[in-house]
Number of protein chains: 2
Amino acid sequence: MKHKTVEYYRDKLKDEGYKVTPQRVEVIRSLIELDHPTAGEIQSSIEEQYPMISPSTVYGALELLEDIGELIPIQEGSETRYDLSPKVHPHYICEDTGKVYDLEEAELKEKLSDLIACGPDEITRVELNFYGPCNGPESEED
Amino acid sequence: MKHKTVEYYRDKLKDEGYKVTPQRVEVIRSLIELDHPTAGEIQSSIEEQYPMISPSTVYGALELLEDIGELIPIQEGSETRYDLSPKVHPHYICEDTGKVYDLEEAELKEKLSDLIACGPDEITRVELNFYGPCNGPESEED
DNA sequence: TTCTATGCAAACCATTTGCAGAACG
DNA sequence: CGTTCTGCAAATGGTTTGCATAGAA
């Protein structure tokens, strides 16, 4: 899973009219280095070098990246992990550790055929959720 | 989407060695009547008839139903909605209202072909997550 | 200089926990 | 009757908010 460079994100921020601050750059760097980190992990990682970065700044940067279509949030239990990727793809999430694995196409097929064969010893749960406006599916409105 | 009866769940609880309390029955009744409710909605619904039921009791009953394989949690934003169903199935979730729709097979195929055709005007996000132990996929352990 | 971003501190809120008393089997 | 369940009340913890100050362009 190759990531884009920090430079790419700097330019993208600039292009979209947002300021390129050191904090935002650090958040991006953490997202590249940290394998599906939580907001807290990102903050801790940055604090190793920078004296203090506030949660609101971290969350703000994450929301910004989401808005410009470069970040995908993954709800893992009670906290959110973040995936620096513009495109949707399936995940395998460890229920014990919360670790997130990106699934490649071949692995996806494998997982699906496991399920279809009704022999998923490993897979304990599957989520397939589509998001959109209420009028999307067939409007069983309330 | 036909639900099982309250009686079914009473028996199941008994069979599994759990006590059938009025509170648990009320939670089950709410789950049947309330279309993917949150814990809070369940509590409010019960309080209309019963004087007071504590959050811990509601959460306890929900966890119990999950444990015996009769309830599926759906993370919707910051809160959890619950689906009284033993089998995994895809959902369509409204991003504005949080309303959850169960997708039937035909609708699933439709959604998928929309995506493949690269013309998803309605679908803004998709999640496909498999859960299991860390040794499941290809063990990129930490 | 000007407008946006940051840091702080407090608020939020769904969910969890500990424990004494209640009640199912 | 004994073990399990309930209700209370307080704590937890990730995330959000309001506002004064700092800093990017």
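The model shown is predicted, which means the values in this text are computed figures rather than measured ones. In what follows, chains are A, B, ... by sequence order, proteins preceding strands, each numbered from 1.
- Judged by distance alone, the side chain of B:E63 and the main-chain N or O of B:G60 form no donor-acceptor pair under 3.5 Å.
- With B:Q43 as reference, B:P55 is the one residue of B:S54, B:P37, B:P55 to meet the side chain to side chain contact (heavy atoms under 4.5 Å, CB included) rule.
- One hydrophobic cluster, built from ILVMFWY side chains closer than 4.5 Å, cannot hold both B:Y82 and B:L34; they sit in different ones.
- Contact annotation: A:Y59 does not reach the phosphate of D:dT16 (side-chain N/O to OP1 or OP2, under 4.0 Å).
- Rounded to an integer number of Å, the gap from CD1 of A:I74 to C1' of D:dG14 is 17 Å.
- Note that the CD atom of A:E104 and the NE2 atom of A:H89 stand 8.0 Å from one another [nearest 0.5 Å].
- Taking atom CD of residue A:E79 and atom P of nucleotide D:dG14, one finds them 6 Å apart after rounding to whole Å.
- For residues 62-70 of chain B, proximity to DNA chain D is found at no residue, defined as any non-hydrogen atom under 4.0 angstrom from a strand atom.
- Taken to the nearest 0.5 Å, the CD atom of A:E48 stands 11.0 Å off from the CD atom of A:E26.
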Task: Secondary-structure notation, DNA chain C, from Watson-Crick and G-U pairs under 3.5 angstrom (| other strand) - done: ||||||||||.|||.||||||||||
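- Across all non-hydrogen atoms, the minimal contact from B:L84 to B:I32 is CD2-CG1, 3.5 Å.
- With DNA chain C read from its 5' end, the first of the two nearest nucleotides for B:S78 and A:S54 is the one closest to A:S54.
- Atom C1' of nucleotide D:dA9 and atom CD1 of B:I53 are separated by 17 Å, given to the nearest angstrom.
- By the criterion of side-chain heavy atoms lying less than 4.5 angstrom apart, applied directly or through intervening Ile, Leu, Val, Met, Phe, Trp or Tyr residues, B:Y59 is grouped together with B:V25 in one hydrophobic cluster.
- To the nearest 0.5 Å, atoms NE2 (A:H91) and CG (A:D102) are separated by 4.5 Å.
- To the nearest 0.5 Å, the span separating CD on A:E33 from NE2 on A:H3 amounts to 11.0 Å.
- Inter-residue side-chain proximity for A:K19 and A:L13 is flagged as unmet; no heavy-atom pair is nearer than 4.5 Å.
- With rounding to whole Å, B:Y50 atom OH is found 12 Å from D:dT6 atom P.
- Here the side chains of A:I42 and A:L62 are in contact, with some heavy-atom distance below 4.5 Å.
- Running 5' to 3' along DNA chain C, contacts with non-hydrogen atoms of chain B at under 4.0 Å begin and end at C:dA14 to C:dG25.
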Could you pull out every donor-acceptor pair under 3.5 Å between side chains of residues 64-78 of chain A and any protein atom, sequence neighbours left out?
unit_1: A:E70; atom_1: OE1; unit_2: A:K4; atom_2: NZ; d: 3.3
unit_1: A:E70; atom_1: OE2; unit_2: A:Y8; atom_2: OH; d: 2.6
unit_1: A:E70; atom_1: OE2; unit_2: A:K12; atom_2: NZ; d: 2.9
unit_1: A:Q75; atom_1: OE1; unit_2: A:T80; atom_2: OG1; d: 3.3
unit_1: A:E76; atom_1: OE1; unit_2: A:R81; atom_2: NE; d: 3.3

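- B:L31 and B:Y101 fall into different hydrophobic clusters, where Ile, Leu, Val, Met, Phe, Trp and Tyr side chains are chained together by heavy-atom contacts under 4.5 Å.
- For the atom pair B:I93 CD1 and B:K99 NZ, the distance stands at 12.0 Å (nearest 0.5 Å).
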Open item on the list: One character per nucleotide, please: for nucleotides 17-25 of chain D, 5' to 3', B when the base has a protein heavy atom closer than 4.0 Å, S when only the sugar-phosphate does, - otherwise.
Closed with: B-----BBS
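- Contact check of residues 26-44 of chain B against DNA chain D (heavy atom, cut-off under 4.0 Å) returns no residues at all.
- A donor-acceptor pair under 3.5 Å links the side-chain atoms of B:S44 to the main chain of B:G40, judged by distance alone.
- Atoms CE and CD, on B:M52 and B:Q23 in that order, are 12.0 Å from each other to the nearest 0.5 Å.
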